Structures are given as structure tokens and as C-alpha cells.
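These notes are about the structure you will find just below.
As the structure is a computational prediction, the values presented were derived from the model and not from experiment. Numbered from 1 within each chain, the chains take letters A, B, ... in sequence-line order.
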Amino acid sequence: MSGVGQLTPNSLHRGSWRRLTCHNMTIRIAVLASPWSARIAIRKSSSTNAISCHHRRRVKRSDNAGHRPMSAPVRVRFAPSPTGFLHVGGARTALFNWLWARHSGGELVLRIEDTDLERSTEEMTTAILDGLEWMGIDWDEGPHFQSESRDNHRAAALDLLEADAAYACFCTVEELAAERKAAISRKESYVYSGKCRAIPPARANERRDKGEPHTIRFRVPSGQTSWVDAVHGPTRFDNRTIGDFIVLRSDGAPVYNLAVTVDDRDMQITDVIRGDDHISNTPKQILLYQALRATVPRFAHVPLILGPDKRKLSKRHGALGVSAYQEQGYLPQAFTNFLALLGWSPGDDREVMSQAELIEAFSLERITGKSAVFDVQKLEWLNGQHLSMMSGLAVADLVRPRFITAGIATEIELAERAIWFGELMAMVKTRSRTLDDLVVQARPFFGGAIEYQPDAVAKFWKDRKMARELLGVAASYVDGETAFDDLEGMEARLRALCEERSVSAGKLMQALRVALTGTRVSPGIFETMAAMGKSLVVERIEAALGYLGREIEAA
RNA sequence: GACCCCAUCGUCUAGUCUGGUCUAGGACUCCACCCUUUCAAGGUGGCAACACGGGUUCGAAUCCCGUUGGGGUCGCCA
């Protein structure tokens with residue numbers, strides 16, 4: 001659990017993260033003791049973690065009120081392998097684990113499964129942690145690196161060997177490949193023949209002592225292996241379809257199923273929440289738990305996320321990492337809300353939910369067994385909903401860097417006009433679905449030239465002479481207007497002037513909108529003028545008049 | 001191919017365990033209307049589904065069997 005911690009050299013265990021919370025800022029100090037390098041990384045996190053801590057306390061209080069049955073405290077883990085970025089499927093698995101931990105007042109352990117050293121990179125580990133942090137997912141322990149518990153894995157394999165639950169297998173890669181090929185040509189599923197099963201232990205030891213290359217295989221007993229899955233219900237596998245599987249490679253490295261089982265046992269994981277694609281690994285792992293005389297955890301297999309073509313969501317669908325959604329300007333609370341609704345529902349009609357509400361409502365039982373298609377449109381809608389619930393100032397804080405990198409304004413300029421900027425954001429956010437939309441819509445409110453959008457020109461400046469006439473009236477109105485903050489008065493005065501000059505007030509406002517913003521989309525025209533200020537409005541009208549004049553000349 | 005999982009509007013889903021209250025509810029998208037200086041937002045309404053076939057039952061979206069369809073897994077990857 002996070003909290004103010006003492007940071008001493010002794011508290012920096014290899015591969016551990018320490019968290020110090022002060023004010024609203026969380027600083028994590030990590031010793032990334034990985035096979036690649038050992039270094040200290042100090043990372044500042046946003047305030048999202050502080051928010052989630054708040055949630056946790058909230059939930060815990062309600063738990064103490066006696067709503068939850070007395071049972072072993074929940075301990076879950078998220079165990080990504082750093083061979084790629086954090087994709088949406090992994091993100092949702094992490095989210096479900098987190099929601100379950102926070103809902104039940106349990107703990108979330110983060111474990112990096114880096115046993116495939118060839119494909120694991122430190123960059124990916126960092127990317128995954130960043131993604132989790134952005135989503136507001138915090139963890140109570142870790143990250144642990146699986147490669148560091150290699151000794152435990154090996155010891156477990158030796159235990160199995162000693163108990164005769166496993167045996168040495170001297171089959172070569174080539175032999176196995178031939179077996180597999182033969183099985184395929186016979187149109188059968190491949191299971192290891194068990195060729196080395198019957199080698200007497202004494203003989204096997206002899207060969208091992210001689211240094212003959214061998215793997216350690218688990219001796220799958222006959223019978224059936226079953227469990228009650230928290231999402232799928234009773235699930236059963238016939239052990240004949242499993243086949244003796246390798247537990248320790250010939251180079252002494254543990255294989256996934258062994259490593260996971262030993263780690264989950266050692267970390268006392270009570271609930272394993274992971275993707276559906278692990279269902280077929282589950283019987284193997286249960287067999288290992290049993291052979292290791294460990295308590296079998298509860299399993300919850302979450303259905304996969306599919307692309308629009310109903311295939312497993314992949315890069316081909318343009319579904320990049322979580323970071324892509326972050327860059328596109330989605331809000332973490334909207335993103336997690338959306339992900340939570342993919343395969344889970346609160347059971348009532350609620351859809352727009354805060355993280356606190358998600359935590360409160362979450363349960364494993366309400367996860368559906370059916371895989372879900374990732375629908376970006378719904379994500380966009382949800383993002384708009386969350387955006388509209390935020391205050392202008394809060395939105396301003398989030399988009400400020402985007403204005404700066406887009407070169408629209410400098411940090412200093414924005415700081416000087418902080419209140420104005422917050423009000424501007426409040427104005428444009430109902431029209432925006434992402435933070436990028438916000439930038440586009442707010443751009444005309446800053447000085448400098450604007451481009452006239454062809455569709456706006458076609459619709460509201462179709463008759464150039466008429467447009468020029470309308471803008472002429474607008475110019476004389478603006479000229480005499482002194483109260484730019486009096487929205488109602490402005491409208492009354494403009495309408496009166498239109499009446500007097502017998503021009504359509506509606507047409508004028510539309511033509512004016514194009515002159516001011518270059519688009520046909522903007523907040524109310526008086527709000528727009530108020531936010532721009534008189535000098536910019538005058539400047540824009542003059543520019544438009546000039547443009548229209550040139551157009552008329554040319555025609 | 002074998003094994004496993006899944007099957008309600010185009011999509012996300014409620015309803016399935018504990019059959020009747022379901023002429024199947026909500027949401028996204030789309031369409032229409034209202035509001036309106038534009039675009040959104042908001043409001044109102046509309047289009048749209050129980051995969052198929054058997055059974056059980058007075059009664060099935062719900063229980064059982066089969067078919068079909070989709071997905072996942074079948075590595076000294078994780």
C-alpha cells in the first residue's frame with residue numbers, strides 16, 4: 001500500500017518499486033534490476049494515482065461496514081510480458097484485476113514476465129508501466145521480474161522430478177518436430193508421445209550425469225482436470241488431450257506454465273484474472289499446483305477483444321498501444337470506462353461511470369463469456385461525455401501542452417490568460433470529443449491569420465457581394481459596441497442595427513462566424529466575439545472584407 | 001483436424017442460473033422532429049435482435065439435445 005515511506009538503501013530491493021506520497025504527487029523510485037541493466041529510475045506520476053488511492057480508501061470503508069463476507073483477502077496480479085506495448089487487451093486485463101482488487105479491498109501485484117529474454121526489452125517494460133499509470137491503475141507490489149525467480153522455478157522442477165511427477169526427456173528438437181509433423185499429416189492434434197516416460201529413473205540419471213541434453217517434462221496423470229471458472233462456470237479438460245509438457249528447457253530455463261504457477265503460488269495469488277486465450281493453459285497449471293501441493297487459485301477468464309472483422313484485435317486493426325489513445329486525446333477515465341464496459345456491465349442501465357463507480361459496481365460474476373468488438377465510436381462518445389463533465393479549468397490543464405506543442409500559444413501566454421483559457425475550454429468542450437478536437441476548435445480564438453474552410457465559404461459566403469455587405473454592417477456594429485461582455489445587450493443591439501439596415505440578422509451572424517473562425521462550427525457568435533475581444537474581431541472582419549473584395553475583383 | 005470457449009438489434013449490452021411480468025429493455029451509430037445565429041450538446045420519436053432445428057413444459061430468449069456459425073489453443077513463446 002502506498003503511503004509515506006522511509007527510503008533507505010535497505011528498502012531498495014532489487015526489482016522493487018517504492019512509492020512516496022507527498023501532497024498530491026506520487027514519486028516512484030524503482031530499482032529496475034533487470035537482466036539488461038540495473039538502474040534507478042525516478043518517475044513523477046500525475047495526480048491520477050492520488051485519485052485512485054482515494055477510491056481505495058472509500059471502498060475499504062464500505063467493506064468494513066460488513067458488506068463483504070469474511071474470506072481470504074483477494075490478491076490478484078497483472079503479468080504482462082514486455083515483448084510489446086500495452087495493447088487494449090492487456091489494458092483491460094489490468095483494469096479488471098485492478099477493479100477487482102480495489103473493489104474487494106485486496107492487493108494488486110505487478111509482475112513482468114520476462115522469461116523470454118530474446119524478445120523482452122526494457123523499453124517495453126517502461127511503456128507498460130506508463131500505460132498503466134496513465135489509466136490510473138496503481139499497484140501495491142512490484143513490479144517483480146519473473147526472470148529473477150528463476151531459481152525458484154528450477155527448484156520446483158527438481159521437486160517435481162524427485163516426486164516422480166516429472167521426468168527427464170531426451171528427445172531432440174528434430175525428433176519432436178517429426179512427431180508433430182506426423183500428427184498433423186494424420187490430422188490429429190499433437191500431444192507428446194511420452195517416449196521418454198518409461199525410461200527408468202536410474203538410467204535417466206546416468207544419462208543426465210553424462211551431460212546428455214534433456215528437458216524436464218511433467219507427467220500428466222490420467223483422468224480429467226476441471227475448475228469452476230468465475231466467468232465461464234464449470235470447465236473440464238480430458239488429460240489425454242494435454243500431453244506431457246515441458247517444464248524446464250534443456251538450457252535449464254523454466255517454461256511459461258511452470259514459471260507462472262510457481263510465481264502465483266509464491267506470491268499467494270488468490271484470483272487469476274486473465275485473457276480467454278489462457279484457458280487451455282489452465283489445466284496444465286492446475287496439475288502443477290496439485291503436484292506442487294499448492295492451493296489452486298480461483299480463475300476468471302475474460303473473453304478477448306475483437307476487431308471490427310471479429311478477429312482477435314491486432315495491429316492490423318489500427319489498434320495500437322494504449323499510448324496511441326493517450327496521444328489522440330482520450331481521457332483516461334473515459335478510456336477505462338469504455339474498456340470496463342467491454343465484457344462487463346454493472347447490470348443496470350448505467351454507462352457513463354467514474355472510476356469510483358466502476359470500483360464500487362465491479363464483480364467477476366458480471367463479466368460476460370462472449371468476446372466483444374472494439375467500437376471506437378462508442379469510445380469517442382464516452383470521451384465526450386467525460387469531457388463535458390469536467391470543468392473548463394480542468395480541461396485547460398489537460399490540453400495546455402497540446403496548444404504549446406502546436407505552436408498556438410506559449411506557456412507564458414497561457415499562464416497570463418489562465419482564466420480566459422479556462423472559459424474558452426468550457427465553451428468549446430461541448431463540441432469536442434477528444435482533446436485534439438478542442439485544440440482545433442480553439443485555434444481561431446488566438447491571434448494570427450485563419451484559413452477559410454471551403455465548406456463554410458460555400459455555405460455562408462456563397463454570394464460574395466452579399467457577404468461583403470453583411471460584414472460591412474457587422475463592422476459598423478462592432479465599431480460602436482463597447483460592452484463586449486454583455487452578451488444579451490450585444491445581441492439586442494446587433495438585431496436592432498440589422499432591422500435598421502434591413503438585413504437578416506441570422507445571415508449576418510453566419511457570415512460573421514466564417515469571418516471570425518473560418519468555419520461553420522463555433523460557439524454562439526456573441527460568446528465567440530466576447531472571447532476574442534474587440535481588436536481581434538475587428539482585425540478578422542477587416543481581413544475577411546479584404547478577402548471578399550479580392551474575390552469579387554477576380555470574378 | 002483435435003480440444004476448449006461463445007451465440008439477443010450493425011456494435012456494446014440487460015434479460016438466461018431462480019422458465020410466465022419480454023408484442024425483448026438501455027446505449028453507440030444512423031434517420032426525423034424540437035430547440036436554434038452555425039455546429040454541437042440537450043430533448044422527443046423512429047429503424048434494428050432472441051443463429052437454426054428438435055425436444056421438455058400449460059408456457060422457452062431463458063432448461064436439454066443436435067446442427068450451423070464465430071473465436072481461442074494446440075512450441076524447449078508468453
Rounded distance in Å - [atom1] ([X]) to [atom2] ([N]):
X: A:Phe299; N: B:C4; atom1: CZ; atom2: P; result: 18 Å
X: A:Trp344; N: B:A14; atom1: CH2; atom2: P; result: 10 Å
X: A:Leu341; N: B:U13; atom1: CG; atom2: P; result: 8 Å
X: A:Met389; N: B:G42; atom1: CE; atom2: C1'; result: 16 Å
X: A:Leu304; N: B:A78; atom1: CG; atom2: P; result: 19 Å
X: A:Gln377; N: B:U11; atom1: CD; atom2: C1'; result: 9 Å

*Identify which one of A:His278, A:Arg274, A:His232 satisfies the side-chain hydrogen bond (donor to acceptor under 3.5 Å, both in side chains) criterion when paired with A:His301.*
A:Arg274

*In a check of side-chain hydrogen bond (donor to acceptor under 3.5 Å, both in side chains) between A:Arg77 and each of A:Asp271, A:Asp264, A:Asn97, which one passes?*
A:Asp264

Can you tell me, in whole Å, how much space there is between the [atom1] of [N] and that of [M]?
N: B:G20; M: B:G15; atom1: P; answer: 13 Å
N: B:A2; M: B:U67; atom1: P; answer: 12 Å
N: B:U16; M: B:U8; atom1: C1'; answer: 11 Å
N: B:C64; M: B:U73; atom1: C1'; answer: 28 Å
N: B:A40; M: B:U29; atom1: P; answer: 12 Å

Given [options], which nucleotide is nearest the side-chain atoms of [X]?
X: A:Val173; options: B:C76, B:C5, B:G26; answer: B:C76
X: A:Gln510; options: B:C12, B:U38, B:C76; answer: B:U38
X: A:Arg513; options: B:C5, B:C76, B:U38; answer: B:U38
X: A:Glu491; options: B:C5, B:U37, B:A27; answer: B:U37
X: A:Glu351; options: B:U37, B:A78, B:G26; answer: B:G26
X: A:Ala372; options: B:U13, B:G25, B:G72; answer: B:U13
X: A:Tyr190; options: B:G75, B:U29, B:A78; answer: B:G75
X: A:His232; options: B:C6, B:A14, B:G25; answer: B:C6
X: A:Asp375; options: B:C28, B:A78, B:G15; answer: B:C28
X: A:Val373; options: B:U37, B:U11, B:U13; answer: B:U11

*asked:* Once ring pair (Phe, Tyr, Trp, His ring centres under 6.0 Å) is applied, do any residues pair with A:Phe460, and if so which ones, sequence neighbours excluded?
replied: none

Presence of [X] side-chain N/O under 4.0 Å of [N] phosphate oxygens OP1/OP2:
X: A:Lys370; N: B:G71; value: no
X: A:Arg495; N: B:U37; value: yes
X: A:Arg433; N: B:C28; value: no
X: A:Gln385; N: B:G42; value: yes

_Considering every strand and a 4.0 Å limit on heavy-atom distances, what is the contact class for A:Ile246: base, sugar-phosphate, or nothing?_
base

*Side-chain H-bond candidate by donor/acceptor type, A:Asn383 with A:Thr434, under 3.5 Å*: no

*asked:* Looking only at side-chain N and O atoms, does A:Glu113 offer a donor or acceptor that is under 3.5 Å from a partner on A:Gln146?
replied: yes

*Answer yes when A:Arg493 and A:Asp486 have at least one side-chain N-carboxylate O distance shorter than 4.0 Å, and no when they do not.*
yes

*Is the NZ atom of A:Lys181 crowded by more than 12 outside heavy atoms at less than 6.0 Å?*
no

*Donor-acceptor pair under 3.5 Å, A:Ser280 side chain vs B:C3 base*: no

*Check RNA chain B against residues 516-523 of chain A and give the residues with a non-hydrogen atom under 4.0 Å, in numerical order.*
A:Arg520, A:Val521, A:Ser522, A:Pro523

_Minimum-distance pair of heavy atoms, taken over all atoms of A:Val376 and A:Tyr330_ = CG1-OH, 4.0 Å

_If I take atom CE from residue A:Met466 and atom NZ from residue A:Lys507, how far apart are they, to the nearest 0.5 angstrom?_
7.0 Å

